[in-house]
Amino acid sequence: MRPWHWVLGLLALVARRLRRRGGETPGTAPGVPAGSERGGDGDTPEPIVPAGSPERGAENVVLGLLGLACVFAIGFVVVYAAFDVAALPNELLGICLGGSLVCIGAALAVVAKRLVVTEELEEEYPQANPEQQREVLEIVHESGSRITRKRLLVGAGLATGGALSAAALTPTLSLGPIWDTGPLDQTPWGRGVRVVDESGRPMAAADIRQRTFYTGFPEGASTELIGAPVVIIRVDPAKLELPANRHGWAPGGILAFSKICTHAGCAVALYRKPLFPVLEPNNALVCPCHYSTFDPYTGGTVIYGPAGRPLPQLPLMVDDAGALRAAGNFSGRVGPAWWAARERPT
Amino acid sequence: MGGAGAADVSRQRHDGLEDPVRFIDERASAAPLMRKAMRYLFPDHWSFLLGEIALYAFIVLVVTGVYLALFYVPSTAQSVYNGTYAPLRGTMMSDAYKSVLQLSLEHKAGLLLRQTHHWAADLFLVAIVMHLMRVFFTGAFRRPRELTWIIGVTMLGAALLEGFLGYSLVDDLLSGMGIAIAYGVGLSLPIIGGPLMLAIFGAPFPGKPEFFGRMYIAHVFLLPAVLAALIGAHLALIAARHHTQFRESKRTTNTRMVGAPLFPAQVPRSMGLMFLVAGILFLFGGLVQINPIWQWGPFHPYLGENGAQPDWYLGWLIGALRLTPSFDVTVGHYTLIPNPFWGGALFPLIVLGVLAGWPFIERRFSGDRAVHNIAERPRDAPNRTAFGVAFLTWVFLIFAFGAADRIFVLAGLSYDTQLYIFRIGIWVVPLALFVLVRRVCRQLQAADAVQAIQEQAEEEAEQETQRPQPVLRSTRSEPTA
């Protein structure tokens, strides 16, 4: 009962408003001088905005465009409601919403070009204000007439500001282990740690074949750590030219390197086949981000691309069950370089 | 219904506006301000709309971004996906990636808003860069508008970071590689790199779970607030000293501007542009696929993919990282300056630094400290134009090399060949262009001077021929008078 009354009341209000407007327009149409705005003692002052001629055609275009905008907007609601999530055509939604907005934009462009009064006005550019500048300085200087040790006070103020800033910034130290950069050097690898695949199954040395690559992880550690993943490949042992101190690191020609590029930390996710045997005699490990290329045969040295450091090698051994295990930790620091130790100190 | 009558209608008082205007003025004493603002003049030139496009792209970003924030989960907690996208079912992924997948595939209109948001970010930076080029090449940054310029360059930097954070939040494979590179570049900062990255990430990459919360608050609050404040300051400074203006008529001088007022001329123009920008962005969001994250899959530090390309506005950084020759600056066992520093940190700092400092650099060379309200034509400042072209070409070539792997796939030119071409080209081409552009500018100037002399001569000649005419006319008109 009550809502109905409200609706009726609203309708009556709207109707009255419309009637009042309707009655007003014809009365004002015949050139009544609009002088009342500025003084208006009968004389007719210049209008601020000069009069322009009506453009019924442009008005019609605007009305048409706004109508179209309404249709599109309603279309959006209809499309949204009519389709199931899985079948909802994103294109149609975009056309409806975008179309509606474009129509409004076009309508406003027509208003701008054809309906509003075009004016070309002149104005002086704003200038600097030397008078006020001087007064500002004067106020500041004169305000300090009671202060005798100005420099000392200013210095004390600055020192306090600095101290308070330091205090305010101190909690940011809790963000991370800022002073302890040890974590940057830690990896979950160590002598005897078994190599497992992504799903945690131990990797058998016998399953590692040539001309492909595998990703291994330390058993029991998170696969998401930067120090965890290694790329495992098997090459012809006769071709290996590992540094002298890496004797026995590659049982049966099986090599393991950190999978994190020493340049910028992407995964070394490409294993290049030698397509041009003269230039590229061997397989190589490539990072797809900036194409740093590492030679596994020589222990991960950089042969191409921007990396400045070799890929750290993980010494491997094969246990009695034939499973791969780490024989120690990496040959160098894992991940992108920073200013501290370049190679893992031995 | 004559023309004058129709115009008078608008001057009539009783149209319902009287009360609100009185209400506001009585409470805020705002009528003088409104009166002044309505008659604020805008120069009538299309190139002045580039900055407005950036502004409206920002508004679209805020509106669509608020919607996206209602669904996004900033968490790297891992769980198995069981959603509607079959190829990824059973995959371990972060809640962040999962929430964006759900938003895109399982919420009505979610994909539209995400794609529109992404397109708007790309347009935002396109418009900023175009606007920057307009201001640079017309010398509109000169006194008294240096502050406006510096704020603008700061906004460019903030927008780059904001865009990077935005697409990093998705935690798909592509964006995860981006964060890894950002981590590598951050670590490469001399001395502070390690501690700084540990502070930001909370732990070595990929960091603590809090890291995504930190990126999220930066992306949806801190940087937008910074950008909004800078936009406000930028606009306030423009309003304080007004726009520059091309010398299009004799009435335009260094102390007087000619233009159309905010109301009624500029409001429908500008609002129309806003709706067009928003409309086109939504059309793109609906019709043109961008970043189909379900195809990339979830990120894990041990995964990577070939042919990865960032959003366009970060292409210059990947190009610089790829172009840098292989070397670390080392001292004994220490890497003083790791390789990514040059391309990932120093290069953008140089570019933004040169841009920000340009008004003062140019002043040093030209000695010009005068107030300039007239926008120069590029040819009238040959040195600046030549430098600008060379500088932008340098950045653009480095940007282009970022797509060298794509160029190889498309055109067959080997990556290695391109590397050497670009390593030389990025220095030689800009230098050659500097010389060439400066010469072209000077010749255009000379041609203008010749034309001016010609026009002046013709004008004088015309006056010569016209001079007898008034005499004739006066003699002829005398009898009728």
Side-chain angles (χ1 to χ4, degrees), chain A residues 28-32 34 51 53-54 80 85 88 90-91 93-95 97-98 101-102 104-105 108-109 111-112 116-117 119-126 175-178 181 183-184 215 224 226 229 259 263-267 269-270 288-290 302 306-308 336-342, chain B residues 3-9 11-12 41 108-109 111-112 177 180-181 183-184 187 190-191 193-195 198-199 202-205 241-242 255-258 261 264 268-269 271-272 275-276 278-279 282-283 285-287 301-304 306 321-322 324 326-328 330 333 335 338-340 373:
Chain A
T28 51
V32 179
S53 54
Y80 184 95
V85 187
L88 184 66
N90 190 51
E91 294 81 1
L93 281 179
I95 288 171
L97 199 50
L101 291 164
V102 166
I104 297 172
L108 282 163
V111 170
V116 295
V117 177
E119 298 163 273
E120 199 181 57
L121 306 176
E122 286 176 17
E123 190 182 357
E124 293 299 305
Y125 269 107
L175 284 173
I178 289 177
T181 51
L184 287 173
T215 303
E224 305 298 304
I226 201 171
K259 206 181 173 184
H263 176 236
C266 292
L270 302 175
C289 281
H290 311 105
V302 183
W338 60 295
W339 78 283
R342 177 175 171 78
Chain B
D8 281 339
V9 174
R11 306 283 313 280
Q12 283 298 317
L41 296 188
K108 286 184 175 184
L111 181 62
L112 175 71
M177 290 165 74
I181 297 171
Y183 174 76
L187 272 188
I191 300 168
L198 284 176
F205 183 76
R241 295 306 300 257
H242 293 191
T255 56
R256 184 175 58 213
M257 80 178 302
V258 178
R269 236 184 257 186
M271 290 292 103
F275 280 99
L276 284 175
F282 272 101
L283 284 176
L287 297 173
Y302 54 88
L303 293 178
N306 199 8
L321 285 168
R322 285 176 173 179
T324 313
S326 161
F327 70 95
D328 283 347
T330 58
H333 271 303
T335 307
N339 188 286
N373 290 320

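All of these numbers come straight from a predicted model, not from anything done at the bench. First the proteins, then the strands, lettered A, B, ... as listed; each starts at 1.
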Any chance OH of A:Tyr125 has more than 12 other-residue heavy atoms, nucleotides or ligands included, within less than 6.0 Å? yes

Minimum side-chain heavy-atom gap A:His290-B:Pro340 below 4.5 Å: no

Rounding to 0.5 Å, atoms CD (A:Glu122) and CE (B:Met257) come to a distance of 11.0 Å

Exam field: side chain B:Arg322 to backbone A:Pro306, donor-acceptor pair closer than 3.5 Å: no

Tell me, side chain or backbone of A:Leu88 under 4.5 Å from chain B's heavy atoms, or both, or neither? side chain

Worked check of side chain to side chain contact (heavy atoms under 4.5 Å, CB included) between A:His263 and B:Leu321: CA-CA 9 Å; A:His263 176 236; B:Leu321 285 168; 4.2 Å; yes

Do you know which of B:Leu303, B:Thr255, B:Thr324 has the most heavy-atom pairs under 4.5 Å to chain A? B:Thr255

Minimal non-hydrogen separation, A:Val116 against B:Pro268, with atom names: CG1-CG, 4.1 Å

Hey, which of A:Val117, A:Thr215, A:Leu97 has the most heavy atom pairs under 4.5 Å with chain B? A:Leu97

Identify the heavy atoms of B:Phe275 and A:Leu108 that sit nearest to each other, and give their distance. CD1-CD1, 3.5 Å

Report yes if the side chains of B:Leu198 and A:Ile178 come closer than 4.5 Å at any heavy-atom pair, otherwise no. no

Picking from B:Ala109, B:Gly184, B:Ser326, B:Pro338, which has the most non-hydrogen pairs under 4.5 angstrom with chain A? B:Ser326

Among B:Gly202, B:Pro261, B:Ala199, B:Ala203, which has the most heavy-atom pairs under 4.5 Å with chain A? B:Ala199

Any donor-acceptor pair under 3.5 Å from B:Asn339 side chain to A:Pro336 backbone: no

Is the Lys NZ or Arg CZ of B:Lys108 less than 6.0 Å from the centre of A:Tyr80's six-membered ring, within 45° of the axis? yes

When A:Leu121, A:Leu184, A:Thr181 are compared by non-hydrogen pairs under 4.5 Å with chain B, the top option: A:Leu121

How close do B:Pro301 and A:Ala267 get, counting heavy atoms only, and between which atoms? O-CB, 3.5 Å

Heavy-atom pair of closest approach, residues A:Pro183 and B:Pro204: O-CG, 3.3 Å

Largest heavy-atom contact set with chain A, pairs under 4.5 Å, which of B:Gly193, B:Gly194, B:Pro190, B:Ala278: B:Gly194

Under 4.5 Å heavy-atom distance to chain B, tell me which part of A:Ala269 shows up: side chain, backbone, both or neither. side chain

Do A:Glu119 and B:Pro264 have side chains that approach each other closer than 4.5 Å (heavy atoms only, starting at C-beta)? yes

Comparing B:Ile181, B:Leu287, B:Val258 against chain A, the one with the most heavy-atom pairs below 4.5 Å turns out to be B:Ile181

With chain B, the option among A:Leu93, A:Val302, A:Val111, A:Ile104 that has the most non-hydrogen atom pairs under 4.5 Å is A:Ile104

Could you report the tightest heavy-atom contact between B:Pro195 and A:Trp338, atom names first, then the distance? CD-CZ3, 4.4 Å

Heavy-atom distance under 4.5 Å to chain A: side chain of B:Phe327, backbone, both or neither? backbone

So which heavy atom on A:Ile226 is nearest to which on B:Phe205, and how close? CB-O, 3.2 Å

Enter the distance from A:Glu91:CD to B:Leu283:CG here, rounded to the nearest 0.5 Å. 12.0 Å

